[in-house]
Amino acid sequence: EVQLVESGGGLVQAGGSLRLSCAASGFTFDGYAIGWFRQAPGKEREGVSCIYNSDGSTYYADSVKGRFTISSDNAKTTVYLQMNSLKPEDTAVYYCAARIFPPTARVGVLGRNFYDYWGQGTQVTVSS
């Protein structure tokens, strides 16, 4: 059974940093993509970042480029989202999602429909 468990959320002041973790289990780590999404109250869930384990390629939404960094550990069982220079508008529930054996064409990697499995989310609140 595929499981994704997020952690690391919390309350931080604007300009601060947080590191989110997504612990993945239940599937082979030879071919997958992990994405981070967020959903603020009253808004749709939006893609933030994605990493392909096959070659380590990373992708970011324009709103977080230069501030957020996605990475994975050496065992490739945990994916991180380092969030720096946080803004109040970054406040949301953050979710990680997995796509098993993703396509080689990197199209729509920040879209919800790209992913097969989802975690339960972790709250990030940035105060002004």
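Predicted, not measured: the structure shown is a model, and the values here were computed from it.
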Short side-chain to backbone donor-acceptor contact, Arg99 and Ala33, under 3.5 Å: no
Flag, side chain of Thr91 to backbone of Val126, donor-acceptor distance under 3.5 Å: yes
Side-chain (Gln120) to main-chain (Val5) donor-acceptor, under 3.5 angstrom: no
Check ion pair Asp90-Lys87 (N to O, under 4.0 angstrom): no
Under 3.5 Å donor-acceptor, Tyr59 side chain and Tyr52 backbone: no
Student check: side-chain heavy atoms of Trp36 and Val79 closer than 4.5 Å: yes
Cluster check Leu4, Leu81: I/L/V/M/F/W/Y, side chain < 4.5 angstrom: yes
Disulfide (SG to SG under 2.5 Å) partners for Cys22, two or more places apart: Cys96
Test salt bridge (Lys or Arg N to Asp or Glu O under 4.0 Å) applied to Arg38 and Glu46, Glu89, Glu44, the passing residue: Glu46
Neighbour count above 12 (heavy atom, 6.0 Å) for Asn113 CG: no
Any side-chain heavy-atom pair of Ile34 and Ser72 under 4.5 Å: no
Gln82 atom CD, neighbour heavy-atom count above 12 within 6.0 Å: yes
Residue pairs involving residues 109-128 (criterion ring-ring contact (aromatic ring centres under 6.0 Å, His included); sequence neighbours excluded): Phe37-Tyr115, Phe37-Trp118
